[in-house]
Amino acid sequence: MPDRIEAKLAKLGLELPPTAALPHGVVLSYRRLVRHGDVAYLSGHLPYHGDELRYTGRVGAEVTLKDAAAAARQTALSMLRTIKDELGGLDAVERWLQVTGYVRAVPGFTQQPVVINGFTDLVRSLWGADRLGARSAIGVADLPFGTPVEVEATVVVRGA
């Protein structure tokens, strides 16, 4: 049976990117997704498209607010790829419990929630507002590889 969520993604004109790949020579000790019972914890994801980090820089300097929200949306797509790879399909997610977004920005930047909307607006479009989880948007001085956005999440897995 076709994946209902992936069909919604296609209707939005979007597709899952290739699986994210770290820069050549970089080795990190972590798992992108850990499942415990009916809960899956997703490690921090960046706006990767395969081995390409699509956005770098600080919001309010090298990255505009619009591009930062697009980076958050790309981060969502990268995370959705991990979900499909690890759980067999996007329909495996029953609901989102928690999303934490980190925004690398210039001092005084206060639009972190607007940036992370790029992530959660896509989740809401695919799963519906009633399946959207709690959320935090936090400003930070630096993020891995100079990216403007990193997002981690917790989801409930269907039929676990």
Rounded distance [0.5 Å steps], [atom1] in [X] versus [atom2] in [Y]:
X: T56; Y: R104; atom1: OG1; atom2: CZ; value: 8.0 Å
X: L42; Y: M79; atom1: CG; atom2: CE; value: 5.0 Å
X: E152; Y: Y102; atom1: CD; atom2: OH; value: 3.5 Å

Regarding N117 and R135, do their side chains bring together a donor and an acceptor under 3.5 Å, going by distance alone?
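Yes, R135 and N117 have a side-chain donor paired with an acceptor closer than 3.5 Å.
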Tell me yes or no: between the side chains of T82 and R32, is some donor less than 3.5 Å from an acceptor?
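No, no side-chain donor-acceptor contact under 3.5 Å.
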Answer yes or no: is there a donor N or O on one side and an acceptor on the other, between the side chain of R95 and the main chain of R158, under 3.5 Å?
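Side chain of R95 to backbone of R158, a donor-acceptor pair under 3.5 Å: no, none is there.
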Taking S43's backbone N and O only, do any of them form a donor-acceptor pair with H45's side chain (distance below 3.5 Å, no angle check)?
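Between the backbone of S43 and the side chain of H45 there is a qualifying donor-acceptor contact (under 3.5 Å).
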Applying salt bridge (charged side-chain N to carboxylate O under 4.0 Å, His left out), can you list everything that pairs with E94, at least two apart in sequence or on another chain?
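For E94, no residue satisfies salt bridge (charged side-chain N to carboxylate O under 4.0 Å, His left out) once neighbours in sequence are set aside.
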Looking at E15, I'd like to know if its CD atom is crowded, meaning that more than 12 non-hydrogen atoms belonging to other residues, nucleotides or ligands lie closer than 6.0 Å.
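Atom CD in E15 is not packed in, count stays at 12 or less.
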Side-chain heavy atoms under 4.5 angstrom apart, residues restricted to Ile, Leu, Val, Met, Phe, Trp, Tyr: same cluster for V99 and I5?
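Yes; tracing contacts between hydrophobic side chains, which count when under 4.5 Å, links both residues.
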Out of V140, I116, V63, which one pairs with V103 under the side chain to side chain contact (heavy atoms under 4.5 Å, CB included) rule?
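Between V103 and the candidates, side chain to side chain contact (heavy atoms under 4.5 Å, CB included) is satisfied uniquely by I116.
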Indicate yes or no: does E6 engage K84 in a salt bridge with an N to O separation below 4.0 Å.
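So E6 pairs with K84 through a salt bridge.
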Contact check, side chains of V157 and V93, non-hydrogen atoms, under 4.5 Å:
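Sidechains of V93 and V157: no contact.
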Are L90 and L80 close enough that some pair of their side-chain heavy atoms sits under 4.5 Å apart?
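Yes, at least one pair of side-chain atoms sits under 4.5 Å.
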